[in-house]
Amino acid sequence: MKLIIRVVIALVVAVVLLLGALLLLPGEKLAQLAAAQIEKQTGRTVTFGGRVGYTLWPTLGVKADRVALSNAPWAGPEPMLTAERLTIGVAAADLIAGKVRVTELSAVLPQLNLSTRADGTGNWVLDPASDGETKAVPATPGSMDSLPVSIEALNLTGATLRYAPHGETPIEMKQIDLALQWPDPTGTVVADITLRPVGDPVQIEAEIGTFEAFLAGQVSSVGATVTAADTFLRFDGRANTAGAATGRMTGKSTDLARSLAVLGAAQGIEAPAVKTWLLGSDLTYTTDGRLALRDLTLEADANKLRGAADVTLGEVPKVTARLSGDQLDLSALLPSGDADLPAAAAAGTGDDPVNDGWSRERMDFGWLAALNTEIALDVQGVETGSVRLGPSKLDLSLDNSRAVLKFQPATVFDGQLQGQLVVNNRNGLSVGGKLSFQNIRLEQALGQTMGYDRLNGEALGELEYLGVGNSVAEIMSSLSGKGWLEVGKGFFTGFDLEQLMRSGSGNGGSTVFDQLTASYTMKGGNLTNNDLLLTLRGLRAEGEGRIGLGAQDLDYLFTPSLQRSDGSTRLSIPVAITGPWSDPKIRPDLKRALEPEIDAVEQQAKDRLREKLSEELDTEIAPEQDINEAIRDRIEKEAKDQLLRLLGGD
């Protein structure tokens, strides 16, 4: 017993002497000893550029200013970590037992320089091997026992992070706060991260299972909640440090515009007036930048789309998707402002860019270069605020600033539309299309697209067009193309052609017709037609002239004819339609109407004169022969005869 007591007393004295020696050591000397031990255990060099202080019991603590931890040899010369102040707390009792348990690791204004190799190994994986070419051996659960070091709590305040995945563009973030709790070296980490992409905070709460294996590059269970302003995202699945992940993602936003602004995206873009966005999808992301979304559901208020999508990330992301939906109301999702432009911009004056004809405001389609897409959409109906689609199949492709929307087919204006529309912004803005249509209500189509709703009827036809310019006015003034049109029973509003023919007054009222056919060409913003045929009850009308698509005016001539029962023409009165679309002048052209009668009277007089002269001159004057020439010939012949008599001839 005495021997045991002496041994214990000796040990106590030895510990007291050791602690006393440590107390007599300057902070810098203790820091050097700690740095040497860290380098031995991790292969990384620690340098202290400022004052070093410490505490002894129950927590062995070191506080140091201007600390730097060297990088992995393969990651470059820049330190992996620098901090203005670093605080390390170690459990003294565990240290005596031979185990390093870091109870606190805090850094103020740290700068982290993180990167990965081609095999996914991160420079934060500590490898005591001094040879930079030696490949770090990935840790496995429980491997921390071979290096008896554990970190229970990590706190970073005002951190700057630069993360450079192998072969990808580095990511830089500033003003990051991190609080990490890791009580079990082989267990789960709970992290609370605050990012500030543009100043306002973005909160991330994450749980990572088997964090030790996760740091070594292995796949671990991950759960994360992201909160940005009024947007909430949740991910539950599996991931690794290389960025590969698979799981379920859900989200909700009640103020998408503000949330995007907080994330530093979509600056200055007017967000759709949607109260609530909802998102749900199975997600798989691979390290080559491919994102697969399956069982995808996207909701914007009452609108709901279902389907699948694949996203390839890169300098210009590409989205391939196949989506379906029921009745969609996109009026709140589309830009506002010029929805009613055609009707409101009919005949203004002055320099107003909207009310003086078509809008001259410059359109910016530069955003077409930000994304490439191939999207197939199958919907039961779409309301855009101005145009309503019925059951439709649409294909949208966007490639290198050229967008093509294909109708396969689409139900619109109570009819069907097939073909495609093109918006090309590769070398200046141009728009074009090639469409065929049937059962289209003209009053809807012309009214909603061009502000002209005076022609009513159900149409069949084709249209091919091209316009160039950076404003609606420039495009409409440059339109070129061709097309044809057939309309069954219908009517014009604004004039009564039958009343005009019968009484000479036809302004107001309507012109009901049985059939209308026409073909046309477009050039320089003018539509030209010269074969309009319109059939009415007891009337037949032909038309030719110009419709100014750019100038929004008309210079057109109708020539209606009253028909006899046998189909012959009884009377024709040309009708001139001129002026702006909003208030065209409609008047009969009496001069042209009387020209046939005047020509007939003149011809009758010529015939009577020819008959009389034939009698007087005793010679036949042919209808095609000039009367003056016939008289001259007769005079010459008579003179010759008289001269012969004077000379003694017969």
Side-chain angles (χ1 to χ4, degrees), residues 31 34-35 37-38 41-44 46 48 54-55 58-72 79-92 94-95 99-116 122-127 139 141 143-144 147-163 173-196 201-218 220-225 239-241:
Q37 185 64 21
I38 291 173
Q41 295 288 340
T42 67
R44 304 292 178 86
V46 178
F48 301 91
Y54 63 93
T55 59
T59 299
L60 180 62
V62 176
K63 291 185 178 181
D65 293 338
R66 299 192 297 279
V67 179
L69 176 65
S70 67
N71 215 332
M80 187 187 79
L81 168 67
T82 62
E84 287 298 310
R85 170 161 293 185
L86 182 67
T87 301
I88 303 175
V90 180
D94 288 342
L95 187 62
K99 183 177 181 180
V100 180
R101 181 166 64 91
V102 179
T103 59
E104 177 190 5
L105 178 58
S106 300
V108 177
L109 299 179
Q111 294 188 13
L112 291 93
N113 182 24
L114 305 181
S115 58
T116 61
N123 63 341
W124 56 86
V125 178
L126 303 179
D127 180 8
S143 65
M144 288 290 278
L147 179 61
V149 177
S150 65
I151 302 175
E152 291 188 357
L154 172 64
N155 293 282
L156 305 180
T157 303
T160 297
L161 169 66
R162 184 179 187 274
Y163 177 50
M173 290 183 284
K174 297 181 179 180
Q175 293 185 299
I176 300 172
D177 296 332
L178 168 66
L180 184 146
Q181 302 296 324
W182 190 12
D184 182 359
T186 61
T188 299
V189 153
V190 177
D192 189 347
I193 307 171
T194 301
L195 309 176
R196 297 176 178 84
V202 176
Q203 197 75 22
I204 302 175
E205 298 177 359
E207 314 89 40
I208 304 175
T210 57
F211 189 58
E212 174 192 347
F214 179 78
L215 289 178
Q218 296 186 22
S220 299
S221 61
V222 173
T225 300
N240 63 15
T241 54

### Task
List in chain and number order the residues that pass side chain to side chain donor-acceptor pair (under 3.5 Å) with Ser220, two or more places apart in sequence or in another chain; answer none if no residue qualifies.
Thr210
#### Entry: Partners meeting side chain to side chain donor-acceptor pair (under 3.5 Å) with Thr241 (sequence neighbours left out)
none
### Query
Between Thr188 and Trp182, which heavy-atom pair has the shortest distance, and what is it?
O-CD1, 4.1 Å
## Note on the structure
Residues at least two apart in sequence or cross-chain that pass side-chain contact (heavy atoms from CB on, under 4.5 Å) with Ala107, listed by chain then number, are Ala83, Leu86, Pro110, Leu156
### Task
Just grab all the salt bridge (Lys or Arg N to Asp or Glu O under 4.0 Å) pairs involving residues 176-191, residues at least two apart or on different chains.
Asp177-Arg196
### Query
So how far is it from Gln181 CD to Glu207 CD, rounded to the nearest 0.5 Å?
13.0 Å
#### Entry: Closest approach of Thr194 to Gln203 (non-hydrogen atoms, all atoms of both residues)
OG1-OE1, 3.0 Å
### Message
Going by the rule side-chain contact (heavy atoms from CB on, under 4.5 Å), which residues pair with Ser115 if we only count those two or more places apart in sequence or in a different chain?
### Response
Trp74, Ala75, Asn123, Ala164
#### Entry: Qualifying residues under salt bridge (charged side-chain N to carboxylate O under 4.0 Å, His left out), relative to Asp65, sequence neighbours excluded
Arg85
### Task
Can you sort out the partners of Ala64 under side-chain contact (heavy atoms from CB on, under 4.5 Å), two or more places apart, ordered by chain and number?
Phe48, Val52, Val67
### Summary
Sorted by chain and number, sequence neighbours left out, salt bridge (charged side-chain N to carboxylate O under 4.0 Å, His left out) with Arg162 holds for Glu172
### Query
Can you tell me how far CG of Leu161 sits from CE of Met173, rounded to the nearest 0.5 angstrom?
5.0 Å
### Summary
Taken to the nearest 0.5 Å, the spacing of Ser70 OG from Leu81 CG works out to 10.5 Å
### Task
Measure the shortest side-chain to side-chain distance between Met80 and Asn113 over non-hydrogen atoms and say whether it is less than 4.5 angstrom.
no
### Summary
To the nearest 0.5 Å, atom CD of Gln175 lies from atom OG1 of Thr157 at 12.0 Å
### Message
Under the rule for side chain to side chain donor-acceptor pair (under 3.5 Å), what residues qualify as partners of Ser221, not counting sequence neighbours?
### Response
none
#### Entry: Qualifying residues under salt bridge (charged side-chain N to carboxylate O under 4.0 Å, His left out), relative to Asp192, sequence neighbours excluded
none
### Message
If you define the side chain from C-beta out and look only at heavy atoms, does anything of Leu180 sit under 4.5 Å from Phe211?
### Response
yes
### Summary
Looking only at heavy atoms, the pair that brings Tyr163 and Thr116 closest together is OH-CG2, 3.6 Å
### Message
Checking Thr225 now: which residues fulfil side-chain contact (heavy atoms from CB on, under 4.5 Å) with it, not counting sequence neighbours?
### Response
Thr227, Phe232, Arg234
